[in-house]
Structures are given as C-alpha cells and as structure tokens.
Amino acid sequence: MIPPVVPPLLPHGGTTAGSPGVVSLIRAPLPLPSLISRRTSTVVYGLSALDDRGRVADRVVMRALGWSAGLRLDIHETAGVLTALTALDGPYQITTQGHLRLPAPLRHRCGLEAGDRVLLAAEPDRSRLAIYPPAALDTFLPQRSTDTAGGESA
C-alpha cells in the first residue's frame, strides 16, 4: 500500500484555548498550480512546410485573413522574419491554388529550403502575415530549458 500524501503539521505559535501548555498544530497550505492566462490576441497561427517551389499554404490562416487567389502582396524580410501585406500594386500574389509563394531571394536570405516548416502568424485586423523560419524561432526559445518536473537541462 502507498500511504496518502498529507502535508506536514506545523507548530502554531500559541497554546490551544482550554489546554494550557499544549501546542496547537496547523497544516501547511497546499501548493496551487500556476494558471496560464487566457488569450487576448486575435492572431491565428498555422504551421506549413515549404514545398520545392517555395510555396506555403494553410487554409485556416488564409481564411482568417480573407486572402484568396490573385490577391496582390508585398513580402519583405526583417531580422529573419518574412512579412506579407496586401498591396494593390504588390509584386507577388496568392496562387490559383491558394498558396503563398515566397520569393527565392528572401527564402535564401532566411536559410529556407524545401521541407522546412515555418510558423505562420496571421493578424486579420491588420491584414498581415508573419512567416517565422526555424532560425527565427530558435532566437525566441531559451538556449537551455529545464524540465518542469525538475529534470536535467536540455
């Protein structure tokens, strides 16, 4: 049999009423879990693999943005992250199949190759799509993380 887990009794500073010289005991408070706060952002996330022609696709993300085939876009790179914005005279467009083709010079600048998975972060309110390559995601994560159960560092 496994004994129950009971918090230890801690001595209380005074004596109990009616029992002179007897120390009263109280239980230590139970630990409470940390709660994750609720989302307040309207950002829609997706994950897509880059195909051999530099295309990415995620229907949920495209639907959230309201983007469809033929829509003109401007795509630029800043600090290793690609950003696509609607532009009436944009040099790029959504393909007839609903894919977003990332320009080769920008793919090369970000170190993207066919098969790489990218994080898509759509901001519908701004009609903006941020594309995070693996190298950009690596900069957001700590170099060494500790397992929440107290395990060894990775």
Side-chain angles (χ1 to χ4, degrees), residues 1-10 12 26-154:
M1 280 185 107
I2 299 174
V5 177
V6 178
L9 295 175
L10 300 175
H12 187 58
I26 60 168
R27 295 203 184 274
L30 293 174
L32 295 175
S34 299
L35 300 177
I36 298 172
S37 59
R38 294 188 184 265
R39 286 192 75 198
T40 58
S41 172
T42 59
V43 176
V44 176
Y45 296 101
L47 198 61
S48 180
L50 191 70
D51 74 3
D52 62 339
R53 295 184 182 153
R55 298 177 298 186
V56 293
D58 186 296
R59 287 191 176 131
V60 172
V61 168
M62 293 300 186
R63 191 175 305 124
L65 288 166
W67 291 4
S68 58
L71 179 71
R72 306 297 297 183
L73 301 169
D74 181 34
I75 304 172
H76 61 277
E77 178 267 338
T78 305
V81 177
L82 300 174
T83 303
L85 300 162
T86 58
L88 293 176
D89 59 346
Y92 311 106
Q93 66 182 5
I94 303 293
T95 68
T96 55
Q97 296 85 19
H99 299 132
L100 172 61
R101 187 184 312 252
L102 303 177
L106 294 177
R107 291 194 317 262
H108 297 304
R109 190 177 306 156
C110 294
L112 284 170
E113 297 179 4
D116 285 346
R117 297 185 69 76
V118 294
L119 174 66
L120 305 173
E123 296 178 73
D125 300 341
R126 298 175 62 191
S127 195
R128 175 181 170 216
L129 176 65
I131 301 130
Y132 295 91
L137 294 173
D138 287 344
T139 64
F140 296 140
L141 300 174
Q143 294 299 318
R144 297 176 57 96
S145 62
T146 303
D147 183 65
T148 57
E152 292 294 318
S153 296

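Just so it is clear, the structure is predicted and the values come from calculations on it, not from any experiment.
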Looking at CZ of R63 and CG of D58, how far apart are the two atoms once the value is rounded to the nearest 0.5 Å? 9.5 Å
For R55, which residues count as a salt bridge (Lys or Arg N to Asp or Glu O under 4.0 Å) partner, sequence neighbours excluded? D51
For the pair R53 (side chain) and R101 (backbone), establish whether a donor and an acceptor sit closer than 3.5 Å, ignoring hydrogens and angles. no
Of all heavy-atom pairs between T95 and A69, which one has the smallest distance, and what is that distance? O-CB, 3.3 Å
Value rounded to 0.5 Å, distance of CG in L82 from NE2 in H76: 9.0 Å
Separation between CG (L50) and CG (L112), nearest 0.5 Å, reads 5.5 Å
Over all heavy atoms of both residues, which pair between P133 and V118 is shortest? Give the atoms and the distance, please. CA-CG1, 4.0 Å
Do the non-hydrogen side-chain atoms of V81 and C110 ever get within less than 4.5 Å of each other? no
Over all atoms of both residues, closest heavy-atom pair of L119 and Y45: CD1-CD2, 4.2 Å
Separation between CZ of R109 and CG of L102, rounded to the nearest 0.5 Å: 12.5 Å
Which atoms form the tightest heavy-atom contact between A57 and H99, and what is the distance? CB-CD2, 2.9 Å
Qualifying residues under salt bridge (Lys or Arg N to Asp or Glu O under 4.0 Å), relative to R117, sequence neighbours excluded: none
Report yes if some heavy atom in the side chain of T83 is under 4.5 Å from a heavy atom in the side chain of I131; otherwise report no. no
About how many Å separate CD of E123 and CG of L65, when rounded to the nearest 0.5 Å? 9.0 Å
Measure across W67 and S127 and return the closest heavy-atom pair with its distance rounded to 0.1 Å. NE1-OG, 3.2 Å
Take a 6.0 Å sphere around CZ of R59 and say whether it holds more than 12 heavy atoms from other residues, nucleotides or ligands. no
Minimum-distance pair of heavy atoms, taken over all atoms of D52 and A114: CA-CB, 3.8 Å
Within a strict 4.5 Å, meaning less than it, do heavy atoms of the L120 and L100 side chains meet? no
Contact check, side chains of L73 and L85, non-hydrogen atoms, under 4.5 Å: no
